[in-house]
> 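Handing you this structure, nothing more for now.
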Amino acid sequence: MFNFNNETIVTLKILVKNKLSFIGLIITSSFILLSLIITIFGYSILPYNPIESNLSEALLPPSWNHPFGTDDLGRDVLSRIIAAAPLDLQIALIVVIPSTVIGTILGALSGYFGGKLDEFVMRITDIFLAFPGLILALAVAATLGPSITNTMIALMIVWWPYYTRLARGEALSIKENQYIEASRAAGLKEISIITRHVLPNLIVPIVVYATFDLGRIILAATVLSYIGLGAQPPTPEWGRMVSETQGHLFNRWWLPLAPAATILLVVLGFNLLGDGLRDAYDPKLRQIYLAKKEVEEGIQKIPMKEIKGEVLTISGLQLIFKTPGGIIKALDGVNLWLNRNEVLGIVGESGAGKSVLGLSVLGLVPRPPGKYLGGSIKFQDKEILSLSEKELTNIRGTKVSIIFQDPSTALNPVLTVGDQVAEAVKVRLKREGLKRPSKDIVKKEVIKILNEVKLPTPEMIMKMYPHELSGGMKQRIMLSIALATKPVLLIADEPTTALDVTTQAQILQLIIDMMRERGMSILYITHDFSIIAEIADRVVVMYAGQVVESGPVRSIFKKPLHPYTQGLLNSIPSLSKIKKEITPLIGFPPSPINPPSGCRFHPRCPYAMTKCSKIIPELHEIEKEHWVACHLYSKEGGFIE
Amino acid sequence: MRKLIVHAVDGVDLNIVEGETLGLVGESGCGKSTLGRTILMLIPPTKGSIIFDGKELTKMNKEELRKMRKYMQIVFQDPFSSLDPRMRIKNQLAEPLIACGEPVNDAKLAEVLEVVGLNREHLDRFPHEFSGGQRQRINIARAIITKPKLVVLDEPTSALDVSIQAQVLNLLKKLQQDFKLTYLFITHNINVVSYMSDRVAVMYLGKIVEISDIYEIISNPLHPYTKILISSVPVPDPDFKRIREGIKGEPPSPINPPSGCRFHPRCPYAMDICKNNEPQLISIGKTHSVSCFLYK
């Protein structure tokens with residue numbers, strides 16, 4: 001059911017690698033080891049008897065024989081400290097283990113089944129949690145009488161609700177996962193689902209919490225003993241030792257300090273271990289650790305093609321991201337150009353680099369972790385990569401605008417949409433010389449643009465908040481914000497992917513109309529070839545961070561040159577050719593950390609030659625305006641190595 | 001607090017013929033996913049009957065229903081949350097067998113993995129070691145391991161890259177032939193449904209508005225919503241000309257559906273009768289049914 005071998009070793013390795021958690025591991029293991037030794041062998045293993053008085057040796061300062069001196073009854077402090085170790089550990093384990101087990105089961109059942117059971121369990125835990133934990137423990141311990149057993153009972157009563165709450169919360173989110181529904185659909189009984197899926201997935205956060213808890217309980221136990229409610233003399237206990245010797249704080253400071261520092265060290269150890277465990281179980285970190293260590297390839301020199309576009313020219317753009325898992329080659333020599341009044345479609349699958357390309361034009365890629373290794377982005381003769389943040393702000397939202405895939409996250413939920421459009425309008429008005437436009441002028445402009453994007457009743461819509469609007473309406477708002485500044489270039493990153501097909505058709509038409517009316521250029525990024533066919537004038541096909549083919553839309557669809565484009569077009573079903581056989585491309589999209597050498601597509605290419613795995617092909621113009629980067633079409637003997 | 005009732009699926013009459021692929025299309029909120037789950041009794045229906053292979057599912061108790069699950073399975077959309085991250089593949093594949101009391105052995109598990117294009121060394125691995133397309137293959141393997149009769153496919157390729165989608169679609173077709181499966185293929189992607197389906201049912205706000213075989217629906221859609229839907233679908237062919245029918249207004253809420261014909265507020269052909277009366281599905285021709293007052 002839950003197999004330990006490989007995964008536990010990985011966890012240990014991660015713990016050891018992290019310095020702090022390693023310290024935590026050492027401290028807690030030493031603590032547990034010492035406790036075990038004392039429990040098995042008793043006090044006889046210690047250099048001095050921790051309970052017997054020896055008044056002739058009372059209050060000796062630290063020395064080789066007594067590293068922490070002796071207390072007022074002549075007992076060796078170090079031996080007493082070590083002797084006290086198993087006590088607090090016992091208390092911690094006896095409290096944590098039942099609390100964890102009871103709390104987890106109760107919480108898991110409560111969260112998973114919900115309903116009346118959940119209500120009942122939650123009200124009871126609410127009552128317990130309403131009391132500050134330690135005070136309740138104190139009250140119970142005081143009522144029952146001072147002893148170690150009563151300390152344990154008091155702490156147990158206080159501790160189980162926390163686990164219940166934690167387990168319930170986790171169970172609530174686990175049961176929403178589709179694998180739970182899949183198991184139900186497979187016909188598993190509910191109880192099997194809980195034991196097979198819910199409990200194993202709960203274990204990790206519970207274990208992490210329990211580790212911290214061991215530290216907390218030890219602290220709570222020492223506090224109770226400090227007050228006099230826990231261990232009774234002559235049994236050595238750290239908290240008790242502090243209270244018995246605190247009178248000596250100023251002249252024999254080692255006496256209270258030694259036990260106090262021990263408490264600090266042990267609790268710290270559990271906290272560090274808990275932190276380490278939490279990080280070690282983080283799936284992202286585990287994945288990075290488990291990912292094969294990739295060899296850092298030298299970045300190949302990518303041939304540049306400097307064709308000037310009227311609006312935008314990108315040449316030889318290389319972008320990497322430094323991540324713990326390796327270097328991601330996001331853009332690996334991109335060449336493209338965009339003219340006035342045209343829609344350039346950028347199409348590619350996930351990992352092709354198209355989104356990051358759009359962000360690069362606006363200088364929105366964070367550096368670090370991103371780093372441009374080479375190439376240039378020229379927008380209207382300005383080199384974007386070397387502009388300052390201030391200069392970039394002057395271009396963003398004024399000359400170049402961007403709309404994103406998900407309007408819900410791109411719009412501010414606490415401002416009305418009217419206010420958000422107004423922000424953009426004010427930027428343009430300022431650029432046109434109107435530094436402080438009146439509210440009326442702004443309102444008029446906002447209504448004007450809302451009408452342009454065909455939103456009904458703009459006066460009413462202005463006052464609404466994003467969550468009150470449908471997906472299509474939100475996207476129109478995004479469009480109006482982007483267009484309010486009358487940009488020269490609009491970057492659209494999958495703006496219709498999250499919309500229904502009927503709404504998508506409307507938004508696409510709107511974008512086309514807007515472009516014609518305003519004479520803008522559009523960089524339209526999508527993975528959907530059908531949308532490209534609808535909207536693009538020219539197309540750029542990207543694969544693994546490179547441009548593999550580019551040309552007018554009809555050429556790309558009617559006569560695709562690159563094997564990737566051909567393969568992709570052959571594998572898309574279409575209602576214009578119902579039931580026509582689709583032939584999938586073999587293999588998988590490449591890893592951005594370790595892409596294939598030479599032409600990135602060669603492992604999947606039915607026509608691959610030896611050359612293809614060694615040399616990256618250059619973009620060549622094969623027909624009018626139709627460029628392709630593929631050795632099948634290369635000129636004789638004209639390669640750059 | 002007032003309880004809100006969502007009319008997710010409202011008076012649906014549907015039949016699925018053995019061996020066919022019935023496509024179920026509609027936009028978000030139309031209830032197609034809910035319908036798929038209700039058919040398998042993963043969501044118990046409020047009213048109505050579901051007869052699977054001659055047996056009435058709604059009258060069965062928990063035990064009898066669990067036994068039926070061997071014959072009706074489902075593949076979900078999200079390849080990432082549909083596999084337990086802490087469980088090895090072989091244990092997840094074994095679950096349907098465990099549930100219906102069949103013996104589990106490595107040979108059976110390896111065989112089903114090979115059938116979907118993976119191999120036996122994958123049995124001991126964990127989900128995070130696989131790509132989205134591979135996970136979907138594992139999900140498909142889990143769904144067919146009990147040799148079911150009906151498989152509900154709920155957007156099985158929507159979360160996959162284009163080049164992987166084609167691989168999975170062709171795999172599904174091959175499995176249908178090899179194992180004589182019946183599919184209910186739920187999707188919002190009309191292009192995909194046209195490739196996979198024999199017949200298609202179109203849903204709008206909890207109701208089925210039109211059913212026909214795939215060629216009819218594409219070439220001769222009758223319901224105004226179907227017409228708009230078909231004409232809105234972008235097609236990977238820049239020369240494909242068509243007249244786009246516009247749709248008015250915004251998608252409605254299933255909590256407060258319009259009176260009469262659910263589509264009437266957005267219909268370009270709405271008449272008076274549409275506002276107050278609900279149309280029923282009537283047969284036009286051998287395989288074509290439509291629910292609209294334009295047709296008598």
Side-chain angles (χ1 to χ4, degrees), chain A residues 1-3 7 177-179 181-189 192 196-197 200-201 283 286-287 290 349-350 470 472-473 500-506 508-509 527-534 553-554 557-558 567-569 571-576 578-580 582-586 588-589, chain B residues 27-28 40 42 66-67 69-70 73-74 76-78 81-88 91-92 95-96 98-100 128 131 133 139 142 161-167 169-170 188 190-192 194-196 214-215 218 228-240 244 246-247 250-251:
Chain A
M1 174 172 97
F2 186 46
N3 227 315
E7 299 289 298
N177 280 304
Q178 246 168 21
Y179 59 80
E181 204 177 359
S183 295
R184 226 176 264 140
L188 278 188
K189 293 188 217 174
S192 304
R196 286 174 73 93
H197 293 286
N201 277 291
R286 285 183 89 81
Q287 187 136 21
L290 288 167
E349 297 176 291
S350 50
S470 72
M473 292 169 100
D500 278 329
V501 116
T502 47
T503 317
Q504 172 177 273
Q506 294 175 319
L508 281 178
Q509 190 58 49
H527 66 277
D528 191 337
F529 260 98
S530 310
I531 295 183
I532 291 284
E534 291 262 328
V553 67
R554 294 190 75 252
F557 278 89
K558 297 300 175 192
L568 218 50
L569 286 174
S571 67
I572 303 177
S574 163
L575 58 77
S576 60
I578 303 177
K579 303 288 187 191
K580 175 176 168 294
I582 61 178
T583 342
L585 282 165
I586 54 166
F588 315 105
Chain B
E27 297 181 300
S28 50
L40 295 185
L42 288 174
R66 277 196 329 107
K67 293 207 176 77
R69 295 218 177 278
K70 178 178 164 174
Q73 282 296 325
I74 182 165
F76 294 108
Q77 168 177 358
D78 185 355
S81 78
S82 46
L83 289 172
D84 186 335
R86 301 203 177 275
M87 207 187 240
R88 288 181 206 266
N91 293 318
Q92 304 202 47
E95 280 193 355
I98 295 175
C100 66
H128 62 71
S131 69
N139 282 325
R142 178 171 58 184
D161 267 330
V162 170
S163 60
I164 305 297
Q165 175 174 269
Q167 295 176 0
L169 289 178
N170 275 0
H188 64 275
I190 314 266
N191 287 317
V192 167
S194 75
Y195 180 64
M196 296 295 292
I214 184 63
Y215 294 95
I218 301 288
I228 294 174
L229 199 59
I230 305 285
S231 74
S232 303
V233 176
V235 149
D237 182 350
D239 287 333
F240 189 75
R244 271 257 159 83
I247 192 170
E250 294 301 314

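Chain letters run A, B, ... following the sequence lines, proteins first and then strands; every chain starts at 1. Computed over heavy atoms, backbone and side chain alike; hydrogens, waters and symmetry mates excluded.
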> State, yes or no, whether a side-chain contact exists between B/Glu27 and A/Val501 at a heavy-atom distance under 4.5 Å.
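Side-chain contact under 4.5 Å: yes.
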
> Would you say B/Arg66's side chain and A/Gly187's backbone share a donor-acceptor pair under 3.5 angstrom?
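Yes, the answer is positive, given that a donor and an acceptor are paired below the 3.5 Å cut-off.
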
> What part of B/Ile214 is in contact with chain A, defined as an atom under 4.5 angstrom from a non-hydrogen atom: side chain, backbone, both or neither?
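Both parts, heavy atoms under 4.5 Å.
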
> Counting heavy-atom pairs closer than 4.5 Å to chain A, which one of B/Ile230, B/Leu169, B/Asp239 comes out on top?
B/Asp239

> Work out which heavy atom in A/Pro573 is nearest to a heavy atom in B/Gln165; give both atom names and the distance.
CD-NE2, 4.4 Å

> Relative to chain A, which segment of B/Asn170 carries a heavy atom at a distance below 4.5 Å: side chain, backbone, both, or neither?
side chain

> Determine yes or no for a side-chain-to-main-chain donor-acceptor pair under 3.5 angstrom, with A/Asn177 supplying the side chain and B/Ser81 the backbone.
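Here the side-chain-to-backbone pair does not exist.
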
> Which residue out of B/Pro96, B/Ser131, B/Gly133 racks up the most heavy-atom pairs below 4.5 Å with chain A?
B/Pro96

> I'd like to check the ring pair (Phe, Tyr, Trp, His ring centres under 6.0 Å) partners of B/Phe76; sequence neighbours left out, ordered by chain and number.
none

> Can you name the closest pair of heavy atoms from A/Pro200 and B/Arg86 and give their distance?
O-CD, 3.6 Å

> Using a strict threshold of under 4.0 Å (side-chain N to carboxylate O), is an ion pair present between B/Asp84 and A/Arg196?
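No salt bridge links A/Arg196 with B/Asp84.
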
> Please flag which part of B/Gln167 lies under 4.5 Å from any non-hydrogen atom of chain A: side chain, backbone, both or neither.
both

> Given side chains that start at C-beta, do those of A/Ile572 and B/Asn191 come closer than 4.5 Å, heavy atoms only?
no

> Does any backbone or side-chain atom of B/Leu42 lie under 4.5 Å from a heavy atom of chain A? Answer side chain, backbone, both or neither.
side chain

